[in-house]
Amino acid sequence: MFKIAVLPGDGIGAEIVPEAVKVLEVVGKKFGHSFDFTEGLIGGAAIDAVGVPLPEDTLKLCKSSHAVLLGAIGGPKWDTLPVHLRPEAGALLPLRKALGLYANLRPATLYNSLLEASTLKKEVIEGIDIMVIRELTGGLYFGEKKREKTPEGQIAVDTLVYSTEEIKRIARLGFEIAMKRKKVLHSVDKANVLESSRLWRETVTEMSAEFPEVELIHMYVDNCAMQLVRWPKQFDVIVTENMFGDILTDQASMLTGSIGMLPSASLGGQVGLYEPSHGSAPDIAGQKKANPLATILSAAMMLRYAFDLSKEAQIIEDAVVKVLELGFRTPDIMKEGFKLVNTEEMGDRVAEQIGA
Ligand code: NAD
């Protein structure tokens with residue numbers, strides 16, 4: 001039996017997560033696996049219910065599960081709370097830290113039937129299949145922060161810290177994943193300016209000796225941002241630090257048409273976290289407009305990485321392709337001539353394909 005902690009969170013989280021659960025249930029039934037789902041509170045929903053964004057019970061639930069399925073957290077209602085109570089700083093970052101999730105895997109795969117949904121030209125994006133690996137528990141987001149008053153105003157300080165060990169473990173994952181794919185790894189840094197990036201580049205270069213079959217290409221982050229829209233097909237696996245990865249993964253998402261299509265897996269500790277790459281989308285929450293495919297594809301990543309059920313993961317991914325080929329579209333990817341469906345209907349169509 002596979003124990004899954006289910007954390008819908010805020011906004012569209014409560015609409016998309018049930019669709020992924022629905023799909024997992026159909027997969028379980030078809031292949032004889034038993035998934036045990038237990039819901040927990042997180043983010044704004046947890047603040048409203050118990051006063052903190054990451055309750056002890058939720059942390060305990062996650063640690064005692066085999067995997068965590070998360071929707072999204074945050075929203076304008078909680079934006080003005082003190083930092084430690086805000087959904088992201090108070091829940092997401094501590095949860096990643098507590099579970100030891102130092103690596104975030106975000107595939108940016110373009111489905112042929114969605115070629116028209118991207119803002120980029122067809123010939124530039126056709127066939128792209130990029131895996132971005134972002135370091136998740138170091139760098140600027142976790143370094144010491146402070147404010148100081150000055151006679152003129154204030155000084156704000158964020159600290160960018162990386163240790164050799166932190167770089168080594170994420171670089172190793174990058175090389176290992178590159179070995180399973182096209183054996184080309186782009187390591188992205190800003191070594192011309194930042195000391196932490198110079199250590200990053202030295203460490204990744206040293207490690208490349210262990211993976212002689214992998215072609216290692218170093219690239220500055222500003223160039224990478226440009227190359228991602230100029231000629232994204234040059235990339236297969238990208239490994240980078242926390243903040244660069246945060247920005248580049250959002251950029252890569254737009255190559256595929258909608259952020260509502262992009263799954264993610266956060267790995268490194270005993271229990272992995274699987275969540276869509278997008279946020280809680282307060283602008284469309286409660287309107288049944290959210291695209292549940294990123295969450296459904298995150299569930300497929302869970303099957304592959306947490307439970308070693310590659311065949312079952314592939315069945316979900318194939319079902320998503322089929323549903324898109326059949327012309328079903330949520331509003332974010334809708335074009336004239338296609339069949340508009342709501343969040344739940346999209347989940348039903350995927351479940352039907354798997355059950356068929
Ligand atoms: P967002 O990803 O929530 O939304 C950006 C845009 O994409 C919006 O127009 C939204 O409608 C659209 N969108 C996102 N997901 C979609 C989906 N599944 N289907 C269709 N359209 C979708 O980012 P934001 O607006 O910057 O942030 C909103 C809230 O989410 C904020 O409170 C932010 O802090 C939070 N957030 C949470 C996470 C997380 O939980 N991991 C990540 C990013 C942002």
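Read the numbers this way: they start at 1 and go in the same order the structure lists the ligands and their atoms.
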Going by atom types alone, do Ser280 and Asp10 pair a side-chain donor with an acceptor below 3.5 Å?
no
Taking distance alone, with no angle check, do Gly71 and ligand 1 share an N/O pair under 3.5 Å?
no
Between ligand 1 and Ala281, is the shortest N or O to N or O distance under 3.5 Å?
yes
Which one holds for Asp283 and ligand 1: side chain close, backbone close, both close, or neither close, with close meaning a heavy atom under 4.0 Å?
side chain
Among Ala72, Ser277, Gly279, the residue with a heavy atom nearest to atom 38 (C) of ligand 1 is Gly279
Given that the side chain starts at C-beta and the backbone is N, CA, C, O, which of these parts of Leu92 lies under 4.0 Å from ligand 1, counting heavy atoms, or is it both or neither?
side chain
So, is the end of the Arg169 side chain (NZ or CZ) under 6.0 Å from the ring centre of Tyr102 and within 45° of the ring's axis?
yes
May I ask you to test the Pro76-Pro282 pair for a side-chain heavy-atom distance under 4.5 Å?
yes
Considering heavy atoms of the protein only, find what lies nearest to atom 37 (C) of ligand 1 and give residue, atom and distance to 0.1 Å.
Ile73 O, 3.0 Å
Honestly, for Pro282 the part within reach of ligand 1 (heavy atoms, under 4.0 Å) is side chain
More than 12 heavy atoms from other groups under 6.0 Å of CD on Gln270:
no
Would Ser258 count as a polar contact of ligand 1, with the cut-off being nitrogen or oxygen pairs under 3.5 Å?
no
Determine whether the side chain, the backbone, both or neither of Asn291 has a heavy atom under 4.0 Å from any heavy atom of ligand 1.
both
